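Please read the structure below before turning to the comments.
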Amino acid sequence: MTESIPTPPPAGAGASPRASGRGAPAAPQDPAASRGISRRTQSDIYRAGISGAKPRVPVDPDRLENAARRALSAEAFAYIAGGAGAERTMRANTEAFARHQIWPRPLRDVSTRDLSIDFLGRRRPTPLLLAPLGVMEMAHDEADLAVARAAASLGVPYTLSNQASFAMEEVRDAAPDGARLFQLYWSADDELNASLLRRAEASGCEAVVVTLDTHLLGWRTRDLDLAYLPFTRGMGIAQYTSDPVFQQLVRDRVRRGPDATAPPAAPVRLTPKTVAAGVRIARKGAPLTGAGLRENLRSPLPRAAVETFLDVFSTPALTWGDLAKARQWTSLPLLLKGIVHPEDASRALDAGADGVWISNHGGRQIDQSVPTLDALPAVVDRVDGRVPVVFDSGVRQGSDAFIALALGATAVALGRPYAYGLGIAGEAGVREVVRNVLAELDITLGLSGHTSFAEVGRDALRGA
């Protein structure tokens, strides 16, 4: 049995071009208000254009990325946009969509279209999710708070990253009505894993997404060329520094003192950037010390937090047998993210997973990996409807999402594009990016001759 939830009004409908659009209702006099999100979005944009206003963020995916490149620091853009090795997997993810074409089917009544799907026991307004993206403070100071509010305004579930810039409780308070999932990077410390999942459940997350493919950090060439990893600056570790188990690990580390058996660390030259990094780490240490910047600069805890995180972040020893522990830590549904091979989909089912999430981490882990769209049909066939299948990697626009849904995905997760929107225009930028993807998805659904995704199958595509 599914629980029906109301569809919130699409952002921007009936709003002035300068309005925030947060939860703005459609204007009753607007004839586009009853014609779906695609018509409302077009109406809003073109009406605003009469007075010279243009969208806050580019609608075209390539122009969106270029605008983000200009808006973000070199380090932030490299971290968000970059991939592993020569980035062949990133390109393959997007190029895979070109191997499928959507059949136009005219002369069918598509005047009323329904984008909703059943997912995790609820009726969702759309088949879109927001994928977990860490360290969003690199794009905007409000980071996960802004993303959560934007997602909630459109009824799109947000998968909150384990590497978020704000604690999960703060994200809940920022968007209390939003649907959230929590992504777990399986730490080397099981007490910490259990604590994170208890907090996720207590803070209202609906499921846990266990990311499986980052037990070793990918060879990310852009970051390496810049010698930049945000975690070494204390960024993206708010879920950890706010956790009581992690806080105890940090205090224990300081109490033990330096490990005499460890090889000496490479010396760090004192430069203005070194000082800036130290100040940032001190600021981020406030949850551990409860003190201000001056005290944090003197305290060993903030720096020890970074070192502790780097030690426990993930474990290459994780195996299928370990997943049973998560059932002891939480009663939430478990989705396994990072599945590409159909045999791993079978193993996921055998392990009792409540969902399979097809992903190659957006091309950030293995260069020349299998594109996720190419893997999707075989995984869908192997799962055979027993659990939902979420798809990500390479999705840039609504027609991409349509293709993935036609190939059997239950839901589609959007990643980099919303981060670009965040970097360009904050919360409003995220909202416009997600709205635009939904609007094009709605148009594609209708022009392909369908009124709901229950009608859409592989026969909607040529080349499937």
Side-chain angles (χ1 to χ4, degrees), residues 79-80 84 129-138 143-144 158-168 171 180-201 203 205 207-220 223 229-232 234-243 245-247 249-250 284 305-320 322-327 329-330 332-340 344 348 351 353 355-357 359-366 390 392-393 413 415 419:
Y79 185 81
I80 294 168
L129 308 177
L130 295 193
L133 296 181
V135 206
M136 283 294 94
E137 65 196 278
M138 297 186 76
D144 319 282
Y158 173 33
T159 311
L160 181 60
S161 175
N162 206 153
Q163 306 313 122
S165 300
F166 288 91
M168 60 186 85
V171 176
R180 292 179 311 285
L181 292 71
F182 175 70
Q183 175 218 27
L184 176 72
Y185 281 120
W186 199 287
S187 164
D189 187 286
D190 278 348
E191 289 187 22
L192 175 58
N193 293 326
S195 181
L196 288 166
L197 294 196
R198 286 193 298 268
R199 290 172 58 203
E201 190 163 350
S203 64
C205 293
V208 172
V209 178
V210 183
T211 294
L212 307 175
D213 59 4
T214 317
H215 47 290
L216 296 171
L217 188 65
W219 187 250
R220 299 176 185 173
D223 297 336
L229 184 67
F231 310 119
T232 62
M235 303 168 71
I237 62 172
Q239 305 292 21
Y240 298 81
T241 56
S242 59
D243 191 273
V245 172
F246 183 83
Q247 292 172 352
L249 290 174
V250 174
K284 297 292 183 180
V306 172
E307 295 167 347
T308 303
F309 164 77
L310 294 173
D311 281 350
V312 305
F313 161 64
S314 65
T315 171
L318 186 67
T319 66
W320 288 100
D322 292 317
L323 296 176
K325 300 175 187 176
R327 291 294 184 194
W329 299 333
T330 183
L332 293 176
L334 299 176
L335 282 67
L336 301 186
K337 180 177 182 288
I339 301 294
V340 176
D344 287 335
V356 168
W357 190 312
S359 173
N360 58 28
H361 219 85
R364 291 168 63 77
Q365 284 299 95
I366 300 178
V390 180
D392 79 25
S393 300

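Since the model is a prediction, treat every value here as computed from it, not as a measurement.
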Minimal heavy-atom distance between Gln239 and Leu196, with the atoms involved, is O-CD2, 3.7 Å

Determine, step by step, whether Leu335 and Val390 satisfy the side chain to side chain contact (heavy atoms under 4.5 Å, CB included) criterion, reporting the C-alpha distance in whole Å, the side-chain angles of both residues, the deciding distance to 0.1 Å, and the verdict. CA-CA 9 Å; Leu335 282 67; Val390 180; 4.1 Å; yes

Check: Gln247 side chain, Thr241 main-chain N or O, donor-acceptor pair, under 3.5 Å
yes

Residues Thr315 and Ala188: closest non-hydrogen pair is CB-CA, 4.1 Å

So Met235 and Tyr79, side chain to side chain contact (heavy atoms under 4.5 Å, CB included) or not? Walk me through it.
CA-CA 12 Å; Met235 303 168 71; Tyr79 185 81; over 6 Å; no

N/O donor-acceptor pair under 3.5 Å between Glu137 side chain and Ala143 backbone
no

For Asp189, the side chain to side chain contact (heavy atoms under 4.5 Å, CB included) test, sequence neighbours excluded, returns Ser187, Glu191, Leu192, Val245, Leu249

Rounded to the nearest 0.5 Å, the OG1 atom of Thr214 sits from the CD atom of Gln163 at a distance of 9.0 Å

**Message:** Tell me whether the rings of Phe313 and Phe231 are parallel (<30°), tilted (30 to 60°) or perpendicular (>60°).
**Reply:** parallel

Here the gap from Asp392 atom CG to Asn360 atom CG, rounded to the nearest 0.5 Å, amounts to 7.5 Å

Checklist line | Sidechain-backbone polar pair: Arg198 side chain, Trp329 backbone, donor-acceptor under 3.5 Å | finding: no

Answer yes or no: is there a side-chain heavy-atom contact under 4.5 Å between Val135 and Ile80? no

So NZ of Lys325 and CG of Leu318: to nearest 0.5 Å the spacing works out to 8.0 Å

Output for pair (Ile339 CD1, Ser359 OG), nearest 0.5 Å, gives 10.0 Å

Tightest non-hydrogen contact, residues Pro316 and Leu216, listed as CB-CD2, 3.9 Å

So, does Asp223 use its side chain to make a donor-acceptor pair with the main chain of Arg220 at under 3.5 Å?
no

**Prompt:** For His361 and Lys337, what are the C-alpha separation, side-chain angles and deciding distance, and is it a side chain to side chain contact (heavy atoms under 4.5 Å, CB included)?
**Reply:** CA-CA 9 Å; His361 219 85; Lys337 180 177 182 288; 4.0 Å; yes

Test Leu217 against Leu229 for side chain to side chain contact (heavy atoms under 4.5 Å, CB included), laying out the working first.
CA-CA 11 Å; Leu217 188 65; Leu229 184 67; 4.3 Å; yes

Taken in chain and number order and not counting sequence neighbours, the residues that satisfy side chain to side chain contact (heavy atoms under 4.5 Å, CB included) with Ala353 are Leu336, Ala348

Next on the checklist: If we ignore hydrogens and angles and just use 3.5 Å, is the side chain of Gln365 paired with the main-chain N or O of Gly218 as donor and acceptor?
Outcome noted: yes

Nearest heavy-atom contact between Trp320 and Ala351 is CE3-CB, 4.3 Å

Closest heavy-atom pair, Ala131 versus Ala413, reported as atoms and distance to 0.1 Å, is CB-CB, 3.9 Å

One should read off an interatomic distance between Thr330 OG1 and Leu184 CG, to the nearest 0.5 angstrom, of 10.0 Å

**OP:** Verify, without hydrogens or angle tests, whether Ser393 (side chain) and Gly362 (backbone) share a donor-acceptor contact under 3.5 angstrom.
**Re:** yes

Audit row: Gln183, Thr159, side-chain hydrogen bond (donor to acceptor under 3.5 Å, both in side chains) steps and yes/no: CA-CA 6 Å; Gln183 175 218 27; Thr159 311; over 6 Å; no

From the list Leu181, Leu129, Asp144, side chain to side chain contact (heavy atoms under 4.5 Å, CB included) with Tyr158 holds only for Asp144

Strictly distance-based, threshold 3.5 Å: is any side-chain N or O of Arg180 a donor or acceptor partner for the main-chain N or O of Ser203? yes

Only one of Asn162, Val250, Thr308, Val306 passes side chain to side chain contact (heavy atoms under 4.5 Å, CB included) with Tyr240, and that residue is Asn162

Separation between CE (Met168) and CD (Glu201), nearest 0.5 Å, reads 11.5 Å

Side chains of Leu160 and Phe166, heavy atoms from C-beta outward: is any pair under 4.5 Å? no

Q) Cation over ring, Arg199 on Phe182, under 6.0 Å and within 45°? A) no

